[in-house]
Amino acid sequence: MKKGYFGEFGGQFVPELLMPPLRELEAAMRDILPSDKFRAELDDLLRNFAGRETPLTACPTLSAELGVHLWLKREDLLHTGAHKVNNTLGQALLAKYMGKTALVAETGAGQHGVATAAAAARLGMECVIYMGATDVVRQAPNVMRMKLLGAKVVPVQSGTKTLKDAINEALRYWIAQQDSTHYCFGTAAGPHPFPTLVRDLQCVIGRETRAQMLERTGRLPDMVVACVGGGSNAIGMFHPFVDDASVRIVGVEAAGTGEPGCYNSAPINLGRPGVLHGQMTMLLQDADGQIEPSHSVSAGLDYPGVGPEHAHLGAIGRAVYGMATDSQALEAFQALTRREGIIPALESSHALAWVLNNRGKLPAGGHVVVNLSGRGDKDMEIVREVLFREGELA
Amino acid sequence: MSAAIHTDMNDMLPEAPVSRLEARVTAANAAGRPALVPFLTAGFPTLDRFWEEMDGLDRGGADVIEIGVPFSDPVADGPVVEAASLRALENGVTLRWILDGLKARAGRYDAELVLMGYYNPFLQYGLENLAADAAAAGVAGFIVPDLPLEEDAEMRALLAARGIDLIALVGPNTSEERMAEYAAVASGYVYVVSVLGITGVREGLPPEVPQTLARARKAFRLPLALGFGIKEPKQLEGFPDRPDAVVFGSALLRHIDAGNSAESFLAAWK
Ligand SMILES: Cc1ncc(COP(=O)(O)O)c(C=O)c1O
């Protein structure tokens, strides 16, 4: 297989000026990541700064309703509120070992921006965050958090003014600042080696889940489910189970408002192969290869592409990729809140929504683990708006 | 350098066809000047004016015209080219519109034509169809800024089969070894990016440009075209080794956007 490819997907479709920093990063992954010193230091940060290991929580009420044992992997309990910090601590520490003094990152919902800013502050690095101007407005509390953590937040005015444009701008910045700056990419996508690096850093989710299931039930789960934006929380959960044929793997893409032809964020289900942001992957695009705007009620899933390893797992049938609509996600959000006392992020609510809406596809009587990638605090404003409109909140 | 010099080494090899682009740059140099290579986004500022400005560039003495194929997400470009690209898309420009327009005008331009654009629109068009249609449209080369050596073999081979060059891009952070890898497959001319950055007008040029050019001279036997940030001849004054061709994009787009003709932009360079 070609370097940096997962089957037909992946690669390094970047300007030549980005090849040297990508190669430098590959070398660092090879030489620094596996070293005992690095691993001990990262492990300490993950435990004592971020709050690992995260619990595996049984859901008695929903389990009874669904006829399966439903478990949640609680990434929502991590510092900064989502799985993103597993990745940013790893990349920030790696960058520091590489001699970099600054981090640049893109962010959509602001979760990755906050997690990068926190890692930079903790490790004494400079931090620049690019964020689409539209997202700066709709995710104002996270902008505030990033600024408090010392990051410079740059609103991006070009294109659709959302995540994909923030990635364009961060890549441009990185071209010019590559000597001092590491691009702390936020998901398991982009040019090689990012899909592999981010996956390796997020695999702690699946490894812990595996050990926790074996300890609590004496067996592996029958099904693992995660929402897929770029795909980092999902690949972190899936990858440690890929070789276990008995474990069914379900990724959930955001279907948007759900009517035929609507804007969505479901490129594996509704897109075609193409090249964007350095990777060959499934993309939302028109017949001429122009990238289409995406939509999801959850800003963290609002991206027209997906990490190449998911495109591959879907193509070979090892994982199944379903969809959940905005309104299904909001229903799942409320179900988990009322029935189990946990307020999930709207992104993670998509994963749960698939489970609630596909009872026939669940392993009856078996064990289903949903990766609860983040908490819902950041979504209060959006949820309030929608539920008020629908008369469900006074 | 003529092929004849190599006869001692290359007695047994069939002579490679001389690239039209290489020949054109070499001819300009023989006349004592760098080849002029304007970049113009297709369909900018309007569909009709684009074709008028193409004629103007051709009349004005362009040796090669790089036609920008617009893309929604141009990561190697600064705000001027990006804005032109998005405007062209709003104007309805597609790759097919460009190729059909060029086919209808085949033989009209004295300048050689190069299409410059990101990989995805080319890929979606179908690389084989693209090579065939580009050949029919008289296109002599392609520049694809997000297609480095690791990914370019298929497109390079399909284009080469039609006598079309895929132009290599190198920059201030490209090592001599890396340049040598490109040299093994490159044809036409070599696009030397002046700055560790994106397209856009700059006042001076970075101090490392002479070193970049010197490394490229060593690695390539092809002509070198310098681009990114170039506006006027005085930026090149005092260079120990003048590039064989100069590319101007953002400065020309701004000039056109301000209501001037493309032809008048070239006057300063003659
Ligand atoms: C809580 C949460 N889950 C999921 C995602 C989607 O990202 P990924 O698919 O990389 O896990 C985000 C992105 O912001 C997020 O904040």
Side-chain angles (χ1 to χ4, degrees), chain A residues 2-5 10-24 156-160 162-181 190-192 272-281 283-293 304-305, chain B residues 69-79 82-83 85-86 88-90 92-98 117-126 144-153 168-175 178-179 181-182 190-200 206 228:
Chain A
K2 272 175 75 181
K3 190 181 77 172
Y5 273 80
Q12 285 183 309
F13 297 85
V14 295
E16 177 59 31
L17 301 192
L18 280 181
M19 291 305 292
L22 289 175
R23 287 191 164 185
E24 189 187 355
V156 176
Q157 302 289 353
S158 61
T160 58
T162 59
L163 179 59
K164 87 173 170 66
D165 308 282
I167 294 176
N168 293 339
E169 212 53 53
L171 285 168
R172 291 171 184 140
Y173 180 88
W174 196 33
I175 291 176
Q177 305 298 329
Q178 54 187 260
D179 286 345
S180 65
T181 303
H192 175 71
R272 298 198 319 278
V275 169
L276 177 70
H277 295 149
Q279 65 198 318
M280 172 78 75
T281 191
L283 291 179
L284 301 175
Q285 56 182 321
D286 69 15
D288 298 312
Q290 307 297 338
I291 306 308
E292 305 239 57
Chain B
V69 179
F71 182 49
S72 51
D73 294 84
V75 288
D77 285 300
E82 178 172 40
S85 207
L86 296 180
L89 290 175
E90 277 165 30
V93 171
T94 63
L95 179 53
R96 187 167 300 284
W97 177 85
I98 298 167
Y118 292 82
Y119 191 45
N120 199 49
F122 296 141
L123 188 65
Q124 301 305 325
Y125 192 93
V144 188
D146 59 346
L147 198 67
L149 194 59
E150 280 68 14
E151 309 290 351
D152 74 5
L169 290 130
V170 299
N173 63 347
T174 311
S175 68
R178 177 78 172 167
M179 287 188 187
E181 291 177 45
Y182 272 109
V190 178
Y191 196 130
V192 179
V193 174
S194 68
V195 58
L196 206 50
I198 52 181
T199 58
F228 281 37

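Just so it is clear, the values below take in all heavy atoms, side chains as well, and ignore hydrogens, waters and symmetry mates. Naming convention: chains lettered A, B, ... in sequence-line order (proteins, then strands); numbering from 1 in each chain.
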Check each atom of [X] against the heavy atoms of chain B and say whether the ones under 4.5 Å are side chain, backbone, both or neither.
X	result
A:L276	side chain
A:L171	side chain
A:P273	backbone
A:Q285	side chain
A:Q177	neither

Structural part of [X] lying under 4.5 Å from a heavy atom of chain A:
X	answer
B:P79	neither
B:P121	both
B:V195	backbone

Query raised in the report: What distance do B:F122 atom CZ and B:L147 atom CG have between them, rounded to the nearest 0.5 Å?
Result: 10.0 Å
Query - Spacing of CZ belonging to B:R96 relative to CD1 belonging to B:I98, to within rounding of 0.5 Å - result: 11.5 Å
Query raised in the report: side-chain contact (heavy atoms from CB on, under 4.5 Å) with B:E150: which residues, sequence neighbours excluded?
Result: A:Q12, A:M19, A:R23, B:P148, B:R178
Query raised in the report: Does the B:Y118 side chain pair with the main chain of B:S72, one donor and one acceptor, at a distance under 3.5 Å?
Result: no
Query - B:D77 side-chain N/O to B:E82 backbone N/O, donor-acceptor pair under 3.5 Å - result: no
Query raised in the report: Should the ring pair B:Y119 and A:F13 be called parallel, tilted or perpendicular, given that the plane angle runs from 0 to 90° and is split at 30 and 60?
Result: parallel
